[in-house]
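One structure is given below, encoded as structure tokens.
Because the structure is a prediction, the values reported are computed rather than measured. Counting convention: from 1, in listed order, for ligands and their atoms alike.
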Amino acid sequence: MLNSEHMIIVIKFFSFPEKNDKIEIEVILLVISVLVELSHQNVDKTFDYSVPKELQSKIQVGLRVTVPFGYQTLEGFVLEIKRNSLMADLKDILAIQDEEIVLNHELLELGKYMKSITLATLISCYQVMLPRALKAQNKTTIPIKYESIVTMGKTPFDYEKLNASQKRIIDLVNEKKNVLKRELSSISASSVNTLIKKGILQEKKVEKYRLEEDTAVYPKYPLTSKQQKVVDEVLALNECYTPFLLHGVTGSGKTEVYMEIIEHQLALGKTSIVLVPEISLTPQIVNRFRSRFGSVVAILHSRLSEGEKYDEWRKIARGEVSIVIGARSAIFAPLQNIGSIIVDEEPTTSYHQENNPRYSVIDIAFYRGIYHQCPVILGSATPSLESYARAKKGVYHLLELPHRVLDRPLPEVKVIDLNENKNRRSMYFSNDLVEAIQDRLAKKEQVLLLLNRRGYSSFITCSNCGYVSKCPNCDITLTYHKTSDNLRCHYCGYATRREDVCPNCHEKGMKSLGYGTERLEEDLEKLFPEARMIRMDFDTTTKKGAHEKIITDFGQGKYDVLLGTQMIAKGLDFPKVTLVGVINADMSLNIPDFRSSEYTFQLLDQVAGRSGRGERKGEVLIQTFNPDHYAIQFAKTHDYIGFYQKEMQIRHQLGYPPYYYLTSIKISSCDYPLLKTEANVIAHFLKRELSHTILLGPTPCFVFCVNKRYQLQIILKYKKEEKLYATLQSLLDHYKGNSRIRIDLDFNPNRFS
Ligand code: ADP
Ligand code: ZN
């Protein structure tokens, strides 16, 4: 709360020509700086307001206030309470929105840091941290939910004169002290109300958190000596910020390691954040954590309702929980005294936000790790090349779990060449895969089938041999542009005509290939009419709780086959799955991205890791037109290091990360001629200013036209460019008043659009 030294007393001297001797003294103004909700480079600064007297004692940095702004009423965050200010005619704030601080000191500082590394507006950096209920937004209100609790009142009474149900109610309240009113009403609603009216009982409203907890029981295992060693290495450096990379094969017990570290922090009174990639993973992981840590676990992810998110956030901010599990946004959980930050499946693309502010959770995790002086652990079976290279250089502390727990073997992987399987019964299924599925159905074991839909129909491929055209300069798959009916490299702009005839096998097979889970499901039903099947993809999981249900049902053996897109590749733990089939490994090999091999290797290794996690041995069948591709060959032998070395050579040759950093600049406008001119001006300017940078483009983006807006892209490649941020900031400044041209920056993006 405000103390008197914050009060600013401004003495205004009014000089009246007639009465020069009279001085009027006015005690006014407390002045605050407010960052309003508008996110635009033009208003990316704070505005000063005065605080009327009746609100002065309540004002605090980090609260939301409503303010007049031009003709509008807006919300904003209080960023500063000023000790002095030149008294121009300031407007008063209209109201204070919150009782409790929304942005604490750490988050306020973190926002400034995010702005400095993304060049997004400061307000967008704060808004992205918060659940909608707490964003500065004049139009939304998400209420707190309350429920009634009943306690004993002050009015004396004669127990013997009460009726039977009244007695039962009084007994219950006497015993439990606080009882939910709806619990008592189930005995007799009218009796409860009578007792309350007489003052024998008292009713009070308390906040109700919306998210219900469930309690599954998972065993806690004694750690293996290898797991213990990893835990010890982390805890030895517990008192300071240390970035770790835990490279552990699928099923090596990484999650158990995380839980052990977190338990240790809890004992020290410290809190932890655990990030998991996909919402579909959370039910299993959340249950494992809940079963071990009980109600000190909060959950934050985009599948929660806004009310639930708000409730979880308040629990966290009030210090009622110590562990937060969630997807990307959970990295902003307002925990105090953080003892460990864990980023599981570190190379997950959704850890990088695709719209403003385009931040990466790993940067935020490191920032918070430094702030709290605690370990930050990135974990994966297939670390990103960038992270593994950093670990090799000693920037991250490398931890390794090269084997599965209890000497369980990694599954055997077979590669099936679709070129040799032309007479198969279904477009989707080779004979080997059909036989393997039949075998598991007979043995009552479970099957997971992955339909790779990454990069779906963005390129042309030969349906006969699987050939795709690549850019001769960039080794990137050429993207098919429907409007111009040609193929383009969206890195360097190289373009070529689309041909029907495949240059490789000379068949007339070049077309945009669409695979759909529904058609696949139909084929499956025809081939295996007796199998119980469930499909998990975007369409079957739009309803809330749908993921959880599919996962639980499959886990309980209600189905034999789980068919899904990449959302089934990561993190799931079903001990009865002994066969994983990959329908089309090539889809991700061909995406127009320099990381296509890396994505493919990760996907295959991850999904392979779902097989044979229990006592029975697992097998994996990968169907492909490119059986000799190194990403597939190294996935076959689970050889991450081999893949890493080969891929690093290629990245080195072609000048891609981690040897270079990349930044994308998207320039868009509804006026195409203007856009073209301005993009060239920008390219020219950047070439002149950034002498240590290679510039590619401008080229049309993959999605060239959205809502009548045309989009061009420039890619910057650099190892070290000191002027980068200053130059890009001046670019943003130059265009901030220009409503016809829009500039979007993405530093180290996952992919180029
Ligand atoms: P990862 O996160 O590396 O994929 P998990 O932590 O999920 O690995 O462990 C894989 C499986 O092995 C899980 O079913 C888990 O319960 C089990 N497990 C993990 N550690 C142990 C252990 N020390 N002893 C026995 N089983 C373990
Ligand atoms: Zn190219």
Salt bridge (charged side-chain N to carboxylate O under 4.0 Å, His left out) contacts in which one or both residues fall within residues 387-397, not counting sequence neighbours:
none
Please identify each residue that fulfils ring-ring contact (aromatic ring centres under 6.0 Å, His included) with Tyr660, with sequence neighbours left out.
none
For residues Ser272 and Ser340, is any side-chain donor paired with an opposing acceptor at under 3.5 Å?
yes
So which of Leu448, Leu563, Ile551, Thr565 actually passes side chain to side chain contact (heavy atoms under 4.5 Å, CB included) with Met536?
Ile551
Sorted by chain and residue number, the residues having a heavy atom closer than 4.0 Å to an atom of ligand 1 are Tyr221, Pro222, Leu223, Thr224, Gln227, Val249, Gly251, Ser252, Gly253, Lys254, Thr255, Glu256, Arg288, Val405, Leu406, Arg408, Asp573, Arg613
Is the closest basic N to carboxylate O distance between Asp311 and Lys315 below 4.0 Å?
no
Who passes side-chain hydrogen bond (donor to acceptor under 3.5 Å, both in side chains) against Glu445, sequence neighbours left out?
Thr578, Arg616
